[in-house]
Amino acid sequence: MKSLFNQPWKVLLAWTLVTVAIATYTFVFKPNPRTDTSAFKGSSTELGEITWDMLAEFDHASGKGPKELLDLDGKRVRVPGFIVPLNDFMGVLNEFLLVPNAQACIHVPPPPPNLIIHVKLKKPIAIEQVSNPSWVMGDFKIETTTSVHGPSSYTILADSLVEYE
């Protein structure tokens, strides 16, 4: 009886199928009533909450989007997402892209600009304190920026980063 591992093409096929399965898995962010909003600076009424559905409706080319999103421009918000670091120094995180799912990183095509938030932290944090996914809280702007991973339609100047539960 031949072993699966004696036939390299079968190993390659199995590895490809596993990789595709992992890459197509999408995390869905739903509000969690157990999230302690006291961890956020300011009260929960001061924070607008942005969803990835709201961001997806924004038209990057024309600048048109849902009123609820446009009303949050220039305001303090919180949004959940996955962190893609932009700095080379891996000991400290000070700038990153926030994306809607774990597979949206450098080894696959990036999401469209309206599903990427360019985040700069007011105060850098140790990489050991970063969890994926996380809630990001800070000042939200609808503005285009470009990084090595492509354009993003939004920026957040963040003052808080909290583990998503």
Can you give me the closest heavy-atom contact between Phe82 and Ala102, atom names plus distance?
CD1-N, 3.6 Å
In Å, rounded to the nearest 0.5 Å, how long is the span from CG of Leu121 to CD1 of Ile156?
10.5 Å
Do Lys141 and Asp73 touch side chain to side chain, with heavy atoms closer than 4.5 Å?
yes
Report yes if the side chains of Tyr154 and Val119 come closer than 4.5 Å at any heavy-atom pair, otherwise no.
no
Phe96 and its side-chain contact (heavy atoms from CB on, under 4.5 Å) partner, picked from Val84, Ile83, Ile117
Ile83
Can you tell me how far the CG atom of Asn132 sits from the CD atom of Glu163, to the nearest 0.5 Å?
10.0 Å
Intermediate values then yes/no, side-chain contact (heavy atoms from CB on, under 4.5 Å), Ser160 and Val136:
CA-CA 6 Å; Ser160 299; Val136 174; over 6 Å; no
Short N-O contact, Asp59 and Lys64, less than 4.0 angstrom:
no
How far does CD1 of Ile127 sit from CG of Asn94, to the nearest 0.5 angstrom?
9.5 Å
Glu143 and His118: side-chain donor and acceptor closer than 3.5 Å?
no
Is the shortest side-chain heavy-atom distance between Lys122 and Leu157 below 4.5 Å?
yes
Taking all non-hydrogen atoms of both residues into account, name the closest pair between Ala56 and Asn114 and its distance.
O-ND2, 2.9 Å
About how many Å separate CZ of Arg78 and OG of Ser134, when rounded to the nearest 0.5 Å?
13.0 Å
Where do Gly63 and Leu70 come nearest, in terms of heavy atoms and distance?
O-CD2, 4.3 Å
Evaluate the side-chain proximity of Phe140 to Ile50: yes if any heavy-atom separation is below 4.5 Å, no if none is.
yes
Min side-chain heavy-atom separation Glu49-Val79 under 4.5 Å:
no
Could you tell me which non-hydrogen atom of Val99 sits nearest to which non-hydrogen atom of Pro111, and how far apart they are?
CG1-CG, 4.2 Å
Among residues at least two apart in sequence or on other chains, which ones pass salt bridge (charged side-chain N to carboxylate O under 4.0 Å, His left out) with Lys120?
none
Is Trp52 reaching over with its side chain to a backbone N or O of Pro80, donor-acceptor style, under 3.5 angstrom?
yes
Consider only side-chain N and O atoms of Thr144 and Ser153, and report whether a donor and an acceptor are under 3.5 Å apart.
no
Let me see the working for Thr145 and Thr155 under side-chain hydrogen bond (donor to acceptor under 3.5 Å, both in side chains), right down to the final yes or no.
CA-CA 8 Å; Thr145 62; Thr155 62; over 6 Å; no
To the nearest 0.5 Å, what is the distance between NE2 on His60 and CD1 on Ile116?
9.5 Å
Are Met137 and Val162 close enough that some pair of their side-chain heavy atoms sits under 4.5 Å apart?
yes
Got Ile142 and Phe58 here, is their nearest side-chain heavy-atom distance under 4.5 Å?
yes
Within the 4.5 Å heavy-atom criterion, are Leu55 and Leu69 side-chain neighbours or not?
yes
